[in-house]
Amino acid sequence: MLCPLFLQENHIHEKLVSLSLPQKDFVPFFLNFLREQTGQILTNGPSTPAKTLNSKALGNSAGHGSQRTGSERRAGNTTGSSSSRMQLFTQKGSANSCSPDTSFAPSAVSGGSPAFTGSNLSSPSSDFPSVVSNVSPGFGCSPVFNHSERRSAQKANLGSFFVAMPEVQPTRRGRRKGNSSTSTSSRQVARDLGRCLADEEDGKSDNTSWSGGRKKRNEVLGVSASSPPDQLNLNNLEEFPPMCASSGFTNKSKPSRRINPTPVSIERPLSKPKMCFTSTPVSQSPAARFPSGASHEAFVTIQEGNVASTAGSSLQEEREMLKKERCKLLHQASSPACLSLEPSTPTKLSYTRNASLPPEGHLMTCAYLSKVSCKKQLDQLALLYSSCIAENLVPNIFLELFFVLQLLTSRGISAEDGESDLEFNQGCKGAVERQHFHNVHNCVYFAVQVLDRQYEIISHLEKGTLKLLAENERIASFSPHLHKRLRQAYESSTAKVSLLLPSSVQSVSFQPETDNRSNFPSDRAFHIFKKQRDIFYELLREWEDNHEKPAWDFERVLGNKIRAMMAHLTATCNHSHFARLFQKQLIQMCKGPVGGGTSWGDTPDQDVLNMLGCDDLSRLKRLQERFVAPQSIRGPCPPPSFPGCQQFFRDFILSAGSYQFNQHLMDNLCLKILELDGLTLVEHEPSDGEADMEEQDEKKRFTVVLMSLRLLAKFLGFLVFLPYRTVEPPTRDLHESAVALRNQSLPVLDVLKLLQRAIQGRRTILTIPWIVEFLSLVDHIAPFLDYYGTVFSLLLQVYRSMVPSEDKEMSFLNKLLILAVLGWLFQVPSVPEELFFTSEVRQDGLMMDTMSSAQALDSATLVDQQLLYTCCPYLGELRKLLASFVAGSGAKNGGFIRKINPTAAESLAPKPSVSQQKLQAELEQAFFHNQPPSLRRTVEFVAERVGSNCVKHIKATLVAELVKRAEVMLQEKVKEDNTNHDKLLDEVCTELYEEGAQAFLKGREFCRKKGPEAVRVLLPEETSAAVLSSAEDIAVRLATEKACTWLSTNITALIKREVRTTFSRMLKIQGPSLPSEDTQEMKKDCPPGCQHHAPFPSEIINEIKDVLCVAVGPRDGDEAIRYAHLECLLEKLSQTLQCRKFMCPTSEQQLAKCTIELASLLVSDRIPIQGLELQTQKYPERQRSKNHPICNLLTSLLSVWKEDFGMLVPVQLIFSKKNIGYVAEAKQREWDLFLFMLHGLVEYNLMGNAEIERYLQSLQEFAWPSDFLKELETLSRVFESELHIEEPRTNPCELVRQSLGTVTAQS
Amino acid sequence: MKNAAAPVLLELANEVDFAPSLMARIVLERFLQEQEQGIPSKTLINSMLRDPSQIPDGVLANQVYQCTVNDCCYGPLVDCIKHAIGHEHEVLLREMLLKKNLSFLAEDQLRAKGYDKTPDFILEVPVAVEGHIIHWIESKASFGDESSHQSYLQDQFWSYWNRFGPGLVIYWYGFIEELDCHRERGILLKDCFPTDIVTLRRSMAQH
């Protein structure tokens, strides 16, 4: 048998070493063979991962001569002449070939030799590679389109097999493939033609298995093929219209390997040709025909077009024309911002086609085991194929599984059912060219066989997929055994997966430790950053609100704002702060699996279906189709994208276009990546429930770390390769010089070293997934650089060595994750496809530590289906494919939504193990060795926290105290010497430093007190006393070490900084304020038993304001204030001031000012008071004076000022020019009230005599009317003279009258 | 000194339908400008408006003071009343928080820690109000109208959100209902202290 032989060879069979080259080429050949064979039958899902290398579509022979395709070249280079090839597979000559190019040997295909024989393979003369390049259906004339470009050529070739062509229009270059009822694929046509030709040679007419009309088509094709056009311009929409537009050739479509259009350009020197592993089964992607600059939308349009029905041809043509126009427009409009990496949408859409169901009424064909032909061969093929998958010989095992599922679910037209087998077998051609997969039955049989052998992998898929497989009636009928196993797997599976996550924007919290003023060089930088932070979120919100609106354009709307922001950052060197914010926000928003849109999962359509039930199957199917269409099947290898919120960050970086920012961001990302990559997990204690929980926690932590790493690495990769990103791969010259140039520069992050270390330390499960993300964004050159080349080959080595099976080294799902991400990487557009097949895989084993350490992660069961599918959402394509098959068949699918709430990873900081005494350290390690790992974790954790708390505590107590003392000292010193502030500061600080030494004592004390408490609480109750006390001691020691290390280096700087800030604050306060105010100190508390029912300060101010209004005027003639009201107001004022609860400094100051104003107005009789007479009458006749009541008010005010205010009232304002002016303006100057006021001030100790005298003196300097000036002088004299009459004043008013008499007498 | 008390400035302001205190400011500005041959500093003007006795011209001082006292919307006196009301409501809010046993950091504590933007209260342990998680509470002793709310959002609320996450704004004197449209995003409006508060502890106790 071939396959064992091959596999043995793979494991270095001595005799076969010489065949390593053919060996290498076998797999691609084989894969392509399968793709080709099945091409015609696959109508479901995206046309598969085709891997054809050959079957050049159309081309001109001239092109051949000068520029040969890679495959041809290789054929020539490696194994010589094309004729030798024929020996391998056929004795038939190349008679069928219409092509002058000898390297095409359609006969190789049609040749009937039993190709797969050991002898053939081992024959030295066999020319495997050339076979590979010629496995094409014997479409001899298949000319190469443009051999100069490798990949695109392949695509073209590939496409030729997928291109569908409506039967009605044989000459059209149909690219439609999907609709089974009306169109046949051109691939089929090609094959038919080939076979037909062969048949003819055999003297046979037509093969019966094909529907009528084919022959005719063949003829047509023959004609068209034999007269190829002169030169094909792939970029020309006229020549290559997107769809079924009518123009000459059938086989011209160029399926892209991926969605990203690879440009048509000069050949790439190093790349090997034809290994066309269409990652994305996009197949016909006419898209690929556009130069890659074309915007993706262009493809989308076309793809959509493909889905369009073949309804009327004329209508179709009109549509095509419209589409062409649109394409052109889009083409022109393609924005510069759309680097080759566009957000996911285009991808999604470009894969849209083909998920469609057959038209109504045409339900899928049933597959019957009984109708399977050539079982034996199929068995062998299945075995061979399974072995390739199992041995990781295929570049992406999930791609193959996808293909197999496509076969399983194929709805192929099987009009030919049964009838042909006999004849077909009679015409038995070579194994290679024979149609093993010409009907659904064979395909399904093959698929089921393969699935059976891949059961282990399949059984690890998520539950929904398993359910669909278990319920698949084809599997049930073809292999009851597999069906049973799948049922069991499904029933026992707990691997429900959901990728739905609420993603809403959350902000990064402000952390004083990193964000407050002391982290910035200047006030300005601090304040500017404050603004930048707000602007950043404003942008984010704007994006969030609008980015889904159709006309919204990131660059247009936000571009300038972002650049302005960058300019500000540059001006103040704040980039590092902003980069940190950016990175944190990035993680915050995008660490969830989807980062926005879901690509698969429990789709609403299923729920709808479940609700509706399944009565009307076809209606439901159509409904299903409508639901499925938008999210359709994208194939298992989408290109890297920035889904959801990630888009914002990517566009932000692009729009900012700031070198400084990018650099800082890269620094930040690198640091964070290194930090996270160092994750250590604790080994789990076996079995008991507690360990289970721990394991869950660890798993969760691992998931979070892994997701963050992948995200960060993706952005790092984006930034690192951004400068080199080109839309098209460079030409050979450019390529070489670029490689030479760039080989000189150092990588930003040493991923090679990290990878090697990870392999060695068995940490690949963490490291590889993020390295893959990083590398997925490489530019076209990078993989060819020495450095990255080594990385890739190392990855390939890992891939090959990671045979999926359960073993001790690594759990199955861990492996599956690594295989999935690597497989995906190998399909990424800018990763050269030849990498997989041509790189020498070194055979030397990967260096690994045999000792499993705590650092090793690979052996832990860390990956579950949830994580696997989160990291590789494209695996969900398998399920989608299956779902689209059963669509509406009543299976109650899924419906589960499980939310993952990733918890923030608290990194357990590795302890600073600076132990002077080695022995002690060893003892300590030994102590932990036999204890559960949680003990060590607890101790380290406690030490870390207590140490840090200790520092905080010392800052808050000791340092704060010292600073307070410094403030007092400084205040005194400033009074003495207000000139040299720096000197003062230094003096004070030096005094304090000595006391700062206390910090160590206090710190030690703190740790000694807090450490044990914490340890005791955290460790299990049952911990033995000795263990507990040791643990406590270690925790205390570590904490003390940590705290003291910090303190010793920072305490002096800390004290100085704090003192300095306090000092500058002090100076600031002192500066402008009035001298009397700087001692203002909020007075005391409320009186005991205060109910806080006093009126609010604001009310009182308001009321006083009203009084002032009336007093100051203007007022109506009779407007006045009732005396009682004033009395009451002052009473309330007193209450309000006594209750301190609602008082604030501003209120109190205002109250003080207003009351002084009020007093001044009262003194100068400016307030019209109602009911004064009434008041006066209350007094005995002797004392009756109209002033009495006002004196009462003034007394109340004085008392309030003295007793109730919590601050010093600036009573000196009474002597302001304005307030004295009130007196001056009075018609009848009321000096007695004023004098009363002055005495009151003295009496209430609000002002000293001398002070008042001074103010009175200074008043005389103003320009007053002369009579007023005189009165002032007199007043001043009277006040002075009275000072000396020290007699008891029982009645102030009495006294005032006396003295006033003196004043009048004297004047 | 004749007619010094005649409300010239005030009437002028009324005539042109201008806030008296603003009118006073303008006139004072021009006065100082002429006197000192230069544009007077803002601080000086503010200080003079707050304490008109500093104004060199007695007549003008009286006029300015008259304007200030008679203005019911603007000016130092009204500002001070607003400030006082604001403070009083903050105190009331603090009372309520204490009563509800919700521990918080107040503005001054936050400032001392070096926060660059500080809401009135940050809850040390977030709570849910009407199903929305809030981290901070801002008290606004005013009516939330369109324009003031927009400027508050711009200058304060979003800034708080940017730093501390979602929060609650209490407009003690009510607000236009339509403005409460950022609930989902994390800015909740209320006109009183919320009653529907779920705390972490309480909800855990239920389980």
Side-chain angles (χ1 to χ4, degrees), chain A residues 504-510 512-513 515-519 526-527 529-530 533-534 536-538 540-541 544 1072 1092 1096-1102 1105-1106 1108-1109 1111-1114 1141-1144 1146-1147 1149-1151 1153-1154 1157 1166 1210 1213 1216-1222 1224-1225 1262-1263 1265, chain B residues 1 4-7 10-11 43 47 50-56 58-59 61-62 64-72 76-92 95 110 113-117 135 141 154-155 158-166 182 184-186:
Chain A
S504 67
V505 181
Q506 280 193 324
S507 62
V508 170
S509 77
F510 180 97
E513 296 84 58
D515 296 343
N516 74 12
R517 168 66 185 86
S518 55
N519 293 288
F526 179 57
H527 287 295
F529 185 66
K530 175 170 85 179
R533 176 194 281 265
D534 288 331
F536 176 62
Y537 284 108
E538 204 181 304
L540 195 51
R541 277 189 289 267
E544 206 195 13
H1092 312 302
F1096 287 143
S1098 57
E1099 286 172 28
I1100 301 296
I1101 303 176
N1102 218 352
K1105 178 174 174 278
D1106 290 342
L1108 292 176
C1109 261
V1112 174
K1141 185 162 177 166
F1142 295 99
M1143 193 57 69
C1144 68
T1146 12
S1147 306
Q1149 274 169 22
Q1150 193 63 50
L1151 281 172
K1153 277 191 203 162
C1154 289
E1157 197 71 29
R1166 293 284 296 262
L1213 285 178
S1216 76
K1217 192 181 165 201
K1218 178 172 82 66
N1219 289 353
I1220 294 297
Y1222 291 145
E1225 284 162 31
F1262 293 118
Chain B
M1 281 286 168
L10 189 63
E11 274 166 12
T43 33
S47 153
R50 271 199 299 270
D51 178 12
S53 57
Q54 291 172 26
I55 297 173
V59 177
N62 282 333
V64 167
Y65 192 69
Q66 197 172 38
C67 284
T68 305
V69 168
N70 278 291
D71 195 323
C72 55
L77 190 54
V78 175
D79 284 349
C80 179
I81 293 173
K82 286 182 188 166
H83 183 275
I85 295 178
H87 176 77
E88 287 148 20
H89 280 90
E90 262 176 56
V91 174
L92 288 171
E95 268 315 78
L110 294 170
K113 285 190 177 186
Y115 283 88
D116 57 357
K117 291 257 184 171
H135 290 271
Q154 182 70 24
D155 299 337
W158 285 128
S159 293
Y160 303 152
W161 185 96
N162 296 344
R163 288 158 179 76
F164 312 108
H182 294 294
E184 291 314 313
R185 214 169 220 172

Working for side-chain contact (heavy atoms from CB on, under 4.5 Å), residues A:R541 and B:R185: CA-CA 9 Å; A:R541 277 189 289 267; B:R185 214 169 220 172; 3.8 Å; yes
Shortest non-hydrogen separation from B:C80 to A:Q1150 and the atoms involved: SG-CB, 3.0 Å
Toward chain A, the part of B:L92 with a non-hydrogen atom under 4.5 Å: both
Which portion of B:Q154 sits near chain A, non-hydrogen atoms under 4.5 angstrom: side chain
Chain B contact via A:L1213 - which portion, at a heavy-atom distance below 4.5 Å: side chain
Residue pair B:L77 / A:C1154, side-chain heavy-atom distance below 4.5 Å: yes
Best-contacting candidate, B:K82, B:K117, B:H89, against chain A by heavy atom pairs under 4.5 angstrom: B:K117
B:N70 versus A:C1109, closest heavy-atom pair with distance: OD1-SG, 3.3 Å
B:E88 side chain vs A:F1142 backbone, donor-acceptor pair below 3.5 Å: no
Part of B:L10 lying under 4.5 Å from any heavy atom of chain A: side chain
Partner chain B: residue of A:K1141, A:K1217, A:H1092, A:H527 with the largest heavy-atom pair count (under 4.5 Å): A:K1141
Pairing residues for A:K1218 by the side chain to side chain contact (heavy atoms under 4.5 Å, CB included) criterion, not counting sequence neighbours: A:E1157, A:S1216, A:Y1222, B:P52, B:S53, B:A61, B:N62, B:Y65
Exam field: side chain B:H87 to backbone A:M1143, donor-acceptor pair closer than 3.5 Å: yes
Separation between CD1 of B:I85 and CG of A:N1102, rounded to the nearest 0.5 Å: 7.0 Å
Residue list, salt bridge (Lys or Arg N to Asp or Glu O under 4.0 Å) with B:D71, at least two apart or on another chain: none
Minimum heavy-atom distance A:S1098-B:I81, with the two atoms named: CB-O, 3.9 Å
Ring geometry between A:Y537 and B:W161 (parallel below 30°, tilted from 30 to 60°, perpendicular above 60°): perpendicular
Student check: side-chain heavy atoms of B:V78 and A:K1105 closer than 4.5 Å: yes
Chain A contact via B:E184 - which portion, at a heavy-atom distance below 4.5 Å: neither
